Amino acid sequence: MIDKSFSPSAVEQRWYQRWESAGYFKSSAQDARPPYSIQLPPPNVTGTLHMGHAFQQTLMDALIRYHRMRGFNSNWVVGTDHAGIATQIVVERQLEAEGNSRRDLGREKFVERVWQWKQQSGSTITRQMRRMGASANWEYADTEGQKAGYFTMDAKMSRAVTEVFVRLHEEGLIYRGKRLVNWDPVLGTAVSDLEVDSEEEDGKIWEICYPLEDRSGFISVATTRPETMLGDVAVAVSPKDERYSKLIGKKVRLPLTARPIPIIADDYVDPAFGTGAVKITPGHDFNDYQVWQRHKAELLDLFSIFTLDAKIINDSVAAAGPLWQDYVAARETGGKTGPVGTQPLASDLGIPNKYFGLDRFEARKQIVSDLRAENLLVSEKPYKLRVPRSGRTGAIVEPMLTFQWFVKMEGMARDGLEVVKRGEVKFFPEHWTATYNHWLENIQDWCISRQLWWGHQIPAWYDAEGNIYVARTEEEARQKAKGKALKRDPDVLDTWFSSQLVPFSSLGWPEKTPDLEKFLPSDVLVTGNDIIFFWVARMIMATRHFTGKVPFRHVYINAIVRDAEGEKMSKSKGNTIDPLDLIDGISFDKLLEKSTQGLLKGEHRERIEKYIKGHYPNGIPAFGADAVRFTFASLASFSITLNFDLGRCEGYRNFCNKLWNATRFVLMNTEDKDCGQDEKAAVKLSDWDRWIVSRLQRTEAEVAQGFDEYRFDNAAASLYKFVWDEYCDWYVEMAKNQLTDPDQAVQRGTRRTLVRVLETSLRLAHPIIPFVTEELWQKIAPLAGKKGETIMLQPYPKSQPEKIDEALEQKIAVSTAVVNAGRSLSSEAKVIHRNASFIVSGEPSTSTRAAVTTFMRNSQFVERLPATDSPVKLVDRHAVMLNIKVDPAAERERLSKEIARLEAQIAQTEGKLANESFVAKAPPKVVEEFRGRLAEFRSALGKLKEQHEKLTARA
RNA sequence: GGGUGCUUAGCUCAGCGGUAGAGCACUACCUUCACACGGUAGUGGUCACAGGUUCGAACCCUGUAGCACCCACCA
């Protein structure tokens, strides 16, 4: 016999290992069954599992298990991502803690060090995924033999990256150019538009006076970044602005530098804003850059006033960073086309020595103060502005003029829009299509080069003249360069450049593999809305471009997991939940320790402590993976956020235990007994037996619909309701009675139904709660005449509509209603139900008779109720009387209440039916429904009134 | 500035044109032989607000308010 309650931990570990070692998760292109595949959004290889992962992986695993059981060749392609910036930062911090830096180490040693870290921590997240029960194809595309799927930097995946880069370059879709890009001065790298978040912050706006060169007056400009004035090349005004029309073409003397710059007219300027005059700094502002492009004939060439770590340039900038070293070298050799091109000296630009080497914010202070001293500062006002910050470091992004590699997006974007428009790729929920479309319609070229060390190094080489050779190997580049000395581009590719290839690179591309043929496109991508641009759109474009296929047919955008109050989960709030803590449980002390360790700011500690004391005064109990999964499924509607409620998790843990105990009951009553496996043995099935089978078919249909529509909440709710409310609450109770029937055929039929329905329910629930269902199925299956090593590979229950019996369900509904009436009566009369005796009138059906015998032990059926004062409830054709002496006054009052309620309902329904337009215009079926309802109400009212009058007469 | 989503019981959420639902919490009763991680019965809602369409609106339309998120170059 199984334990009295379900304890998940032992069961989970045991089964997962068995499943994996038995190879149940594997899949092969040779398998002739129809394919069903899902690509896992590859998590950061050195990361740990968070609630978002746990959530989407639960859904993916449920889908994979569901389809596997339905006979699909299911392939959950998994892998991990090298996560360039994120991983490099982590290792740099480690070095920092050791008093080292990556520059001290040098590139080669640093990259070695990152690999070490990857080997050391790389298995954490995949181990955690296994704890969630992920039936992923771990050995697939696993060239490193680590049973973690592919790794985006392994040899095979890297080969595809190089191939794609070279081909795009050959097609003219990748180019190198000196552009203004978003620059993270802390990391010293370019980042893409998407990696910049701008938040509104409190800042200041200054109005600065620029004197006209001819001393005839001045023009004042407004700026939020006065330090950039050193890089001004013009002042722009609106061509429509009459105030300034006379000044256009004149020159002003740029304060602090004495450099003359022209006043130009450009539509970009809004005359109504600020002073109507804008300083133009094309080297450090994207708008100004565009203005410059329109006027470049009359302006200075582009230049930078900041070093790459955002300090004011000086005349020997060699110390500032590698790109500048290249620049200096180029300048010294007289080269005009070196890696960063030409750049005037700081002194040529009139930048005073005193600013050399000042950090941009220091420079700002100094410049404002100097302007004030010179009486050129008109005003300084508080101002709210949007500050662009690097998503990774939080550093304020500096638009910086650098050489970078770009991908031309326009053509691929058009195609990406087309395939979605044609419905070849569909979003669930559908409204995400708009987000996707909007981005692609306004797409910019993608800056793919990063000045980092961890990542795929760009396959481009330069000769001394600055000619570029893009090639698959250095060998190939050398051939192209005809023996010239070459230096490889030191930059690496944006991580997303490799992730976008995953749908086909993981399947063996550029080889023409059977896998590509079989598993591309995959069936559904399950991912967060935050990476629709970063990843989803780019996968669609890249996969289309290189394979002509879409990467996946469906995109299910999962909700963002929040805490129970709907707050974003963040370490500093202390409201993050580790999915593993939900599975295993954690004590209050440990949770507190875990949440407050490694904090940077002491001030958060108090807040976190308060949060944890408030929310988890007793820590978190161990819910087990199944409960966590069921919770995720139950909350997975199409809403944009998912507020994770521990209360619900507890409820679903209870559900797992309920299932466990239902099985326990069934085992107690069926093991070593005749369960009707022998089809020839006589079997009598009651209405209740046939009813639960009918309900099961409905449930099967509902669950299938839930999965098909990605409405996991509906699938879960349906399962919950069936198992708890129908099987346990009604059928099992009825079965108890049937099992005492002297007729062996009845007993046999009951046992068979108990076992078969339970066995089917376990299979039905398996995709969502794999562990408990496996454990229980092993016990129940033999009794149902099923054999198999695992529930995982059993056929999934399919609804048989012919077994749905509508009439029977209605009949049973009357039976349950009679029982419920009895329960209400005893409860209202404060009589302990099992001691209560009832009198039931109306010819009972066999199912009602059985139900009454089971649930209302001391009952008798009569033709007419006795004329007593006892409380009565009406159900269909039945009247249920609680056979007790009762205070007639109290009973009168109770009846009056019911009468009043009925009368109100009658009035409402009558009103409706009296409405001519309702009767005329509403569908006849609806009208009939209301008429029927009214008749029922009236008949019930009549009986109640009769009862009431009897009481009144006797009073 | 543009866009998307949300606002339903104390809490977390379903329902999206025909008598307001679930889980949790709460109240009362029940240690009954599968389960107290249980059973039974209850309490609790002018479905954000205002108009409109309709025989009928939580559900469709318009507007308002609040919340959340995304996009955008106003110095």
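Predicted model, so just to flag it, every value in this text is computed and none were measured. Below, read A as the first sequence line, B as the second, and so on, with proteins coming before strands; counting in each chain starts at 1.
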Considering Watson-Crick and G-U wobble pairs with both distances under 3.5 Å, what does B:A22 pair with?
->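 For B:A22, the partner nucleotide comes out as B:U12, under the 3.5 Å rule.
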
Base, sugar-phosphate, or nothing: which does [X] touch, judged by heavy atoms less than 4.0 Å apart?
X      : answer
A:A717 : nothing
A:C728 : base
A:F644 : nothing
A:S824 : sugar-phosphate
A:H833 : nothing
A:N643 : sugar-phosphate
A:S639 : sugar-phosphate
A:V269 : base
A:Q290 : nothing
A:D288 : nothing
A:Y268 : base

List for me each residue that meets side-chain contact (heavy atoms from CB on, under 4.5 Å) alongside A:F273, sequence neighbours excluded, and say none if there are none.
->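 Partners of A:F273 by the side-chain contact (heavy atoms from CB on, under 4.5 Å) criterion, ordered by chain and then number, come out as A:D270, A:Y383.
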
When the [atom1] atoms of [M] and [N] are compared, how many Å lie between them, rounded to an integer?
N     : M     : atom1 : result
B:C24 : B:G56 : P     : 39 Å
B:C69 : B:C13 : P     : 15 Å
B:C61 : B:G44 : C1'   : 32 Å
B:G52 : B:A57 : C1'   : 11 Å
B:A20 : B:U4  : C1'   : 28 Å
B:A14 : B:C60 : P     : 15 Å

Residue whose closest nucleotide on RNA chain B lies nearer the 5' end, A:L385 versus A:F6 =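 Nearest nucleotide further toward 5': that of A:F6.
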
To the nearest 0.5 angstrom, please state how far the CG atom of A:L758 sits from the CG atom of A:L659.
->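 The CG atom of A:L758 sits 6.5 Å away from the CG atom of A:L659.
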
Would A:T699 and A:E702 count as having a side-chain donor-acceptor pair, cut-off 3.5 Å?
->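 No, no side-chain donor-acceptor contact under 3.5 Å.
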
May I have the list of side-chain donor-acceptor pairs in residues 920-940 of chain A shorter than 3.5 Å, sequence neighbours left out?
unit_1	atom_1	unit_2	atom_2	d
A:E928	OE2	A:R931	NH1	3.2
A:R938	NH2	A:E910	OE2	2.5

With respect to A:I768, which candidate in A:F632, A:F712, A:F707 satisfies the side-chain contact (heavy atoms from CB on, under 4.5 Å) definition?
->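 One option only clears the test, and that one is A:F707.
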
Among pairs that include at least one residue of residues 815-836 of chain A, which meet ring pair (Phe, Tyr, Trp, His ring centres under 6.0 Å), considering only residues two or more places apart or in two chains?
->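 As it turns out, the ring pair (Phe, Tyr, Trp, His ring centres under 6.0 Å) pairs with a partner in residues 815-836 of chain A, which skip direct neighbours, are A:H833-A:F838.
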
Which nucleotide of RNA chain B is the first, and which the last, in the 5' to 3' direction, to come under 4.0 Å of a heavy atom belonging to chain A?
->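 Reading along RNA chain B, I get B:U4 to B:A75.
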
Go through residues 271-280 of chain A and report each residue with a non-hydrogen atom lying under 4.0 Å from RNA chain B, sorted by number.
->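 The stretch gives A:F273, A:V278 as the residues lying under 4.0 Å from the strand, ordered by number.
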
Quick one: side chains of residues 817-824 of chain A, donor-acceptor pairs under 3.5 Å with protein atoms, not counting sequence neighbours, listed by atom name and distance.
unit_1	atom_1	unit_2	atom_2	d
A:N820	OD1	A:R823	NH1	3.3
A:N820	ND2	A:T816	O	3.4
A:S824	OG	A:N820	O	3.4

Mind jotting down which residue pairs meet the side chain to side chain donor-acceptor pair (under 3.5 Å) criterion with at least one end in residues 638-648 of chain A? Sequence neighbours excluded, please.
->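 Every pair satisfying side chain to side chain donor-acceptor pair (under 3.5 Å) with a residue in residues 638-648 of chain A: A:R648-A:Y652.
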
Would you please name every residue forming a ring pair (Phe, Tyr, Trp, His ring centres under 6.0 Å) with A:H438, sequence neighbours left out?
->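 Residues passing ring pair (Phe, Tyr, Trp, His ring centres under 6.0 Å) with A:H438: none at all.
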
Does anything in residues 278-289 of chain A pair up under salt bridge (Lys or Arg N to Asp or Glu O under 4.0 Å), and if so which pairs, sequence neighbours excluded?
->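 Every pair satisfying salt bridge (Lys or Arg N to Asp or Glu O under 4.0 Å) with a residue in residues 278-289 of chain A: A:D232-A:K279.
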
